[in-house]
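Both backbone and side-chain heavy atoms feed into the values below; hydrogens, waters and symmetry mates do not. Since this is a predicted model, take the numbers as computed values, not measurements.
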Amino acid sequence: DTGPVTRQFHCEDGSDLSVTFLRAPDVARVSQEGYTTVELPARIIGAGFRYSANGMELRGRSNEVYWNRPGAAEAVCTVVAT
């Protein structure tokens, strides 16, 4: 898919993420209630995906992601079926 793709995730800490994966440039736009939406550029990784900048990181494969934000514990999040 070459267009934007948006996925909804529910995290083990009770929070929800909305992530829009964009191409050209290859970035992930991460929205989490109570926080400013951020755009993270893609980083090279062997398998799966990784986006990071300024101490924030979104990484994973398929239907599960790991979300890190400065000052917060890492959250494991799974895709919400639509």
Rounding to 0.5 Å, atoms CE (Met56) and CG (Asn68) come to a distance of 11.0 Å
To the nearest 0.5 Å, atom CD of Glu33 lies from atom OG of Ser18 at 12.0 Å
Distance col, row Leu40:CG vs Arg50:CZ, nearest 0.5 angstrom, shows 10.5 Å
Output for pair (Cys77 SG, Asp13 CG), nearest 0.5 Å, gives 6.5 Å
inquiry  = Between Val5 and Thr20, is the side chain to side chain contact (heavy atoms under 4.5 Å, CB included) condition met? List the steps.
reply    = CA-CA 5 Å; Val5 174; Thr20 301; over 6 Å; no
Residues Pro41 and Val27: closest non-hydrogen pair is CA-CG1, 3.9 Å
Glu64 and Arg59: salt bridge (charged side-chain N to carboxylate O under 4.0 Å, His left out), yes or no, with the steps? CA-CA 9 Å; Glu64 185 175 80; Arg59 71 186 195 298; over 6 Å; no
*Give the cluster check for Val38 versus Phe9: same hydrophobic cluster or not, with ILVMFWY residues linked at side-chain heavy-atom distances below 4.5 Å.*
yes
The single option from Trp67, Tyr66, Phe21 that satisfies ring-ring contact (aromatic ring centres under 6.0 Å, His included) with Tyr51 is Phe21
Original post:
Hey, does the side chain of Arg43 reach the backbone of Ser52 with a donor-acceptor pair shorter than 3.5 angstrom?
Top reply: yes
Legend entry - Side-chain touch Asn63/Thr78, heavy atoms, less than 4.5 angstrom: no
Looking only at heavy atoms, the pair that brings Gly55 and Pro70 closest together is O-CD, 3.5 Å
Discussion item. Is it true that Ser15 and Gln32 share a donor-acceptor pair across their side chains at a distance under 3.5 Å?
Written reply: yes
Here the gap from Leu17 atom CG to Arg7 atom CZ, rounded to the nearest 0.5 Å, amounts to 14.0 Å
Aromatic Tyr35 / basic Arg69 pairing, under 6.0 angstrom, 45° off normal = yes
Closest non-hydrogen atoms of Val19 and Ala28, given as atom of the first, atom of the second and distance, are CG1-CB, 4.1 Å
Check step by step if side chain to side chain contact (heavy atoms under 4.5 Å, CB included) holds for Leu22 and Arg29.
CA-CA 8 Å; Leu22 303 153; Arg29 183 177 298 139; 3.5 Å; yes
